[in-house]
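Data block below; observations after.
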Amino acid sequence: MSDNGIRVRFAPSPTGYLHIGGARTALFNWLFARRHGGRLVLRIEDTDRNRHIGDSLEKIFADLRWLGLEWDEGPEHGGEFGPYAQSERLKMYQQHLDALLESGSAYYALESPEQLAAMREQAKTEKGEFKYQRPDPLPTPEQGRQAREAGEHVTVRFKMPDRDIVVRDAVLGEVCIPRAELEDFVIQKSDGWPTYHFACVVDDELMGITHVLRGQEHLMNTPKHVAIQESLGFRTPVYAHLSIIFNPDGSKMSKRDKEKAAKKGIAPPEIDVHDFRRNGYLPEALSNFISLLGWSPGEDREQMTLEETTALFSLDRVNPSNAKFDRDKLVAFNTDWAARLSPDRLLAALKDFATVANSPLTADDDQTLAYLLRICKGFRTFRDIETKTNFLFIKDEAIEFDPKAVKKALAKNDGAGFGMLERVLGALQSAEDWTATAMEGLVTRFCESEDVKLGAIAQPLRVAVTGTMVSPPIYDTLALLGRDRTINRIKRTLTMRESLTTQ
RNA sequence: GGCCCCAUCGUCUAGAGGCCUAGGACACCGGCUUUUCAUGCCGGCAACGCGGGUUCGAGUCCCGCUGGGGUCACCA
């Protein structure tokens, strides 16, 4: 794989965490670059200072890396096409803007935001559609500069050529946008900063970007970009507009869903990559899953490492229709990955989870974590492990009993379960060893002497020490808890028999 | 609403005119395994939106309709 001149970019705005849709775009760019021996540039689109959120960049970088998507050029990597934040490239934009102004391809526009809003409002009440009409005569450059000096709202608009624009797209084919739909748009805001359209086009050219893979929501921006490229004499990169990812109900996966859920007091849906990370998903599973949204290698292949995906990736297998994000399927992927990954890799991932999720699981206790991983085999996400082993991290007195569990395992049949506990207590107190193996021996012997099945004692024990019917295998559960806490909890359960039975 | 994009099981998709009585995966349903939960294993249900063409032959090509989506900012 040699450098063949292919250059792609991922260009996030520092407005918060990395959105799952953005991650898919980043992934496709990364895959494309890797597949063809090209380079992935990370560029920061920060031309809107109002929307800038403090530590977004650190978060975005971290989550990209968590997914395994390292970039070749950009922040923290450097490169010969920098700087890689648009806020540091103002001079370059100005230079090209001047060229446009000079050649007459752009002009100063004097309408204030209020005036424009009023015009739109009026258009709405009348015919409907508002299209910016090029002033005639055009304000002269001199007028523009003077008005700007006087502190008025002055923008620079690009003169849209008087013809239809054809966009050639690698996944959509040729898309023709009629002239009537196009208008002279702002390329420089009144604060002197470039708009997205202008900065993006200048940067793509200056950074040698050959292929632009981005969301389909950008499709209607593309004629603008193509027009600027033509009038500046830039090459037009190959565009590939990716389909959009929705919630299963067809709504957008927006950060607002999280706020809404929070208000309702229900679990917030995962929207940002960080949400998935914090909820115990593996990056291997997430990247695998989103790679299959809008792309497929064919031949019924699904479970793939990033390396395997890279080898198979191609733009002509990218599929133009929108996709819905099915969390159930993601969970299934995660389950499979969890079962396949090496213990070492799993341990590292679990530690990341423990840290990021603020979990009771102690991120620095490798030995315990590795043990938990072993006894929780079959888990779907790390959250499952957390839930299942939560009994370990709370005080004996804090154990809360699930009424259903109590009824089923303890109270049923005149408190048969309580009886079991009373009888097994002595054996436990006098146990010589307190390992899982020892527990197994002890419980097996107890079953034989009582002539009961394992479940008859395992379930009461489980409920007594965890309060629930869900825990790791009972021997490991007891071993992990230790003698004192186990006995303590059984005694406490026995003491509470009355209140538990009547509740 | 104008313009643009899209259209195979509930969902993600395979299918590039005959290999399709449409395949896989998830979900769902049923069964088995199991000390709980989960995992695992086996089986089942389930789709070419509609109407016209083209063709000996259409899920595959064309047109229309319908439906879904995107976009119409001094946001990106």
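This is a predicted model, so every value here is computed, not measured. Below, read A as the first sequence line, B as the second, and so on, with proteins coming before strands; counting in each chain starts at 1.
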*Let me see the working for T493(A) and F418(A) under side-chain contact (heavy atoms from CB on, under 4.5 Å), right down to the final yes or no.*
CA-CA 8 Å; T493(A) 307; F418(A) 286 111; 4.0 Å; yes

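Straight-line distance between the P atoms of A47(B) and C9(B): roughly 9 Å, to the nearest whole Å. With C1' as the reference atom, C26(B) and A14(B) are 15 Å apart, rounded to whole Å. As rounded to the nearest Å, C50(B) and C42(B) have P atoms that lie 34 Å from one another. Here the separation of C20(B) from U60(B), taken at their C1' atoms, is 11 Å to the nearest Å.
The side chain of N319(A) contributes an N or O atom lying less than 4.0 Å from OP1 or OP2 of U13(B). Put simply, R214(A) has no side-chain N or O that comes within less than 4.0 Å of OP1 or OP2 on A76(B). Residue R380(A) places none of its side-chain N or O atoms closer than 4.0 Å to OP1 or OP2 of C26(B). For T468(A), no side-chain nitrogen or oxygen approaches OP1 or OP2 of C37(B) to under 4.0 Å.
Remark: K324(A) is not positioned above the aromatic ring of F246(A), lacking an NZ or CZ atom under 6.0 angstrom from the ring centre and at most 45 degrees off the axis.
Rounded to whole Å, the distance from CG on L172(A) to P on G70(B) is 15 Å.
Note on ring orientation: taking the six-membered ring where Trp is involved, the planes of F276(A) and Y281(A) are perpendicular (angle over 60°, cut-offs 30° and 60°).
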